[in-house]
Amino acid sequence: MRKEVQVVAQSTDADWVSRFADEVIAEAERRAPGKTIVCASGLSPSGPIHLGNLREVMTPHLVADEIRRRGHDAVHIISWDDYDRFRKVPAGIDPSWAEHIGKPLTSVPAPAGSEYPNWAEHFKAPMIAALAELGVEFRGISQTEMYTSGAYREQILLAMRERNTIDTVLDRYRTKKPAKVSADEDEAAAAEGSGAAGEDDGKAAAGYFPYKPYCSVCERDLTTVTAYDEASTELAYTCQCGHSETVKLSEHNRGKLVWKVDWPMRWAYEGVVFEPSGVDHSSPGSSFQVGGQIVGEVFGGKQPIGPMYAFVGISGMAKMSSSKGGVPTAADALQIMEAPLLRWLYARRKPNQSFKIAFDQEIQRTYDEWDVLTRKVTEGTANEADTSSYGRAAGTATGPLPVTPRPLPYRTLASIVDITTGQDEQTLRILRDLDPADPITSLDEARPRLDLAQHWITTQVPADQRTQVREEADKELLDSLGDTQRESLRLLAEGLDEHWSLDGLTTLVYGVPKIQAGLPADTKPTPELKVAQRNFFALLYTLLVSRDTGPRLPTLLLAVGADRVRRLLGQ
RNA sequence: GGGCCGCUAGCUCAAUGGCAGAGCUGCGGACUUUUAAUCCGUAGGUUCAGGGUUCGAAUCCCUGGCGGCCCA
């Protein structure tokens, strides 16, 4: 065995982003030293662009950002696959949209009521807004614009000249039936981000043609190429609508390369060095594998470094799944959490690890972890891995992302807006009392986190888990109370005005059982007293919110207001 | 039927062939205060199973099991 001289240039405990950056920079230097390094994502705006698709963007974003931090030029391109065909009318859309099946997404009208000119723009817009908020800098490339402007003319003519080579490559992986376009594959396509994994690859009776025209009459892609003449570039096609014609590919701009050729063509065209893809591309015969062959054999390019990224799951989601008919989008997530937190979720897990994004109670824990991490990093006590994932989440090479000036715990904010039902005056009063030594002066200091917590409470937390202050007193329960319990309620009601502050009410609620036991107010709790206190609290909760537990009583009492408290306690 | 990924503490996950670790939960304690608040401490392990390689395996190889995703 030969002596091994293994040079380890990278630090051994670098995170995944750093390691990919090392790899990408090295590869880019081999290919074209000094040139801007291209990282890429591909998104199909065929429907809501969900949090799984966000991984398609965040993965190259983080790598490109690291490359920039190291002082290299890098660009992150997002290919909008808006020239793909409209596959299926999603649930909740007027069935008449079926007439548009087969048209490019940019030729399909947007869903009813949309302000956008077409289907693709309708779904791109919220994603673009979310990416801006997330600090993701990118150059968007509309494939509709590229194809219809003839930008890919040479590549298309080349692919047609090399169609036998392409066919041969595809044949290596074709399993059984040559024609296998299924009607149900758009769910699969919707579940990943890089395009249609299993789409018509161009095999037809007249031979193999990697180019598919959209019909010049009906705009749909129900076309079949019947002949192609290389010298004149004349291409003949028929359409299921009855139309047939011959066009010159040297001029024709209404069609596209089939997906498995389109993708590698763009790797070569843009010089992509890094582009991840969903796990569905990891099998033999997938477009990533096949593309790796085609990009070299046909387009003289190289396959990008392309990690497979795993599934992003969601936990929770009370209303959204039913009303929107699908998985939540980045915009949905940004309604309940700040951008750095969302970035963190994608940065801290390696691409091949699946993870879940919490829309349920777990979001409180996620936020707690984030706050602790923030504190540790600020104090300099975080370990290296945590520090780097924090850095990637909190800002980009351009600068830090906006933060909440007073980042009060999310669970506290959620609990407070739950009982104040978002009334600013009461919310401010309670927030002010949280830290009397340094009270906040305006709700704006707690924003945007406050608003996000409120949005979470109102849209994600099921009604039966929320605090619902009773409208009317529980007469039946009040009537059934014994003398001691009546007395306790009277003592509390009497003391309300005098103790109307967070601290005062705290003393009062713990004090009532002491008074009843004939003990002084500064008594240390005894086991008996503790039982009495607990019972007293349970009684109050039941009378106020119809349950035996709830938010801390002083907070709850403040939020409910003295008059209503007296009424609910029958005083 | 095929492919990919995963399986480590009750839960979510680290540990890139070299002493199995964190957070949360739990348990114990503190704060005149047992709540849906805060702080401190502490417990917790046959690393899915079996075999192999190695001085040494959570890590590499093989077989099997379970789970997720995808393709057919």
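Each chain gets a letter, A, B and so on, in the order its sequence line appears, and its residues count up from 1. When reading the values below, keep in mind they use all heavy atoms of this one structure, side chains included, and skip hydrogens, waters and symmetry mates.
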NZ/NE/NH1/NH2 to OD/OE distance under 4.0 Å, A/Asp221 and A/Lys212: no
Quote, to the nearest angstrom, the C1' distance that separates B/A20 from B/G29. 29 Å
Please state the C1' separation for the pair B/A43 and B/A9 - nearest whole angstrom. 10 Å
Among B/G23, B/A36, B/U32, find the nucleotide with the atom closest to the side chain of A/Glu369. B/G23
Distance between C1' atoms of B/G51 and B/U46 (Å, rounded): 16 Å
Given the P atoms of B/U25 and B/A36, what is the spacing between them in whole Å? 13 Å
Work out how far the P atom of B/G67 is from that of B/G28, and round it to whole angstrom. 37 Å
Phosphate-side-chain proximity, A/Lys350 and B/A15, N/O vs OP1/OP2 below 4.0 Å: yes
Hydrogens and angles aside, do A/Ser79 and A/Arg266 bring a side-chain donor and acceptor to less than 3.5 Å of each other? yes
Position toward the 5' end of RNA chain B (nearest nucleotide), A/Glu362 or A/Tyr510: A/Glu362
Counting side-chain heavy atoms from CB outward, which of B/A36, B/U12, B/A37 is closest to A/Arg365? B/U12
I need the CZ-P distance between A/Arg348 and B/C24, as an integer number of Å. 13 Å
For B/A37, the Watson-Crick or wobble counterpart (both distances under 3.5 Å): none
CG/A/Leu543 to CG/A/Leu489 distance, rounded to the nearest 0.5 angstrom? 6.0 Å
Send over the distance from A/Ile457 CD1 to B/A36 C1', rounded to a whole Å. 11 Å
Between B/G23 atom C1' and A/Arg411 atom CZ, what is the distance in whole Å? 13 Å
In whole Å, measure the gap between the P atoms of B/C11 and B/A72 for me. 35 Å
For B/U47, the Watson-Crick or wobble counterpart (both distances under 3.5 Å): none
Quick one: look up who B/G17 pairs with, Watson-Crick or G-U, both distances under 3.5 Å, and put none if it's unpaired. none
Give me the distance, rounded to whole Å, that separates B/G50 from B/U59 when you measure between the P atoms they each carry. 12 Å
Within this structure, what is the CG-to-P distance between A/Asp386 and B/G21, rounded to whole angstrom? 17 Å
Counting Watson-Crick and G-U wobble pairs only, both distances under 3.5 Å, name the nucleotide matched with B/C60, or none. B/G52
B/C24 pairs with, by Watson-Crick or G-U criteria that keep both distances under 3.5 Å: B/G10
Assert yes or no for the condition that the ring centre distance of A/Phe355 to A/Tyr346 is strictly below 6.0 Å. yes
I'd like to know whether the aromatic ring centres of A/Trp370 and A/Tyr410 sit less than 6.0 Å apart in this structure. no
B/G1 -> Watson-Crick or G-U wobble partner, both distances under 3.5 Å, gives B/C71
Rounded to the nearest 0.5 Å, what separation is found between the CZ atom of A/Arg411 and the OH atom of A/Tyr367? 13.0 Å
Phosphate OP1/OP2 of B/G6: any A/Asn352 side-chain N/O under 4.0 Å: yes
5'-most contact on RNA chain B (nearest-nucleotide basis), A/Leu553 vs A/Pro409, goes to A/Leu553
Side chain of A/Thr467 (C-beta onward), nearest among B/U34, B/U32, B/A36: B/A36
Write down the distance separating the P atoms in B/C62 and B/C27, rounded off to the nearest Å. 45 Å
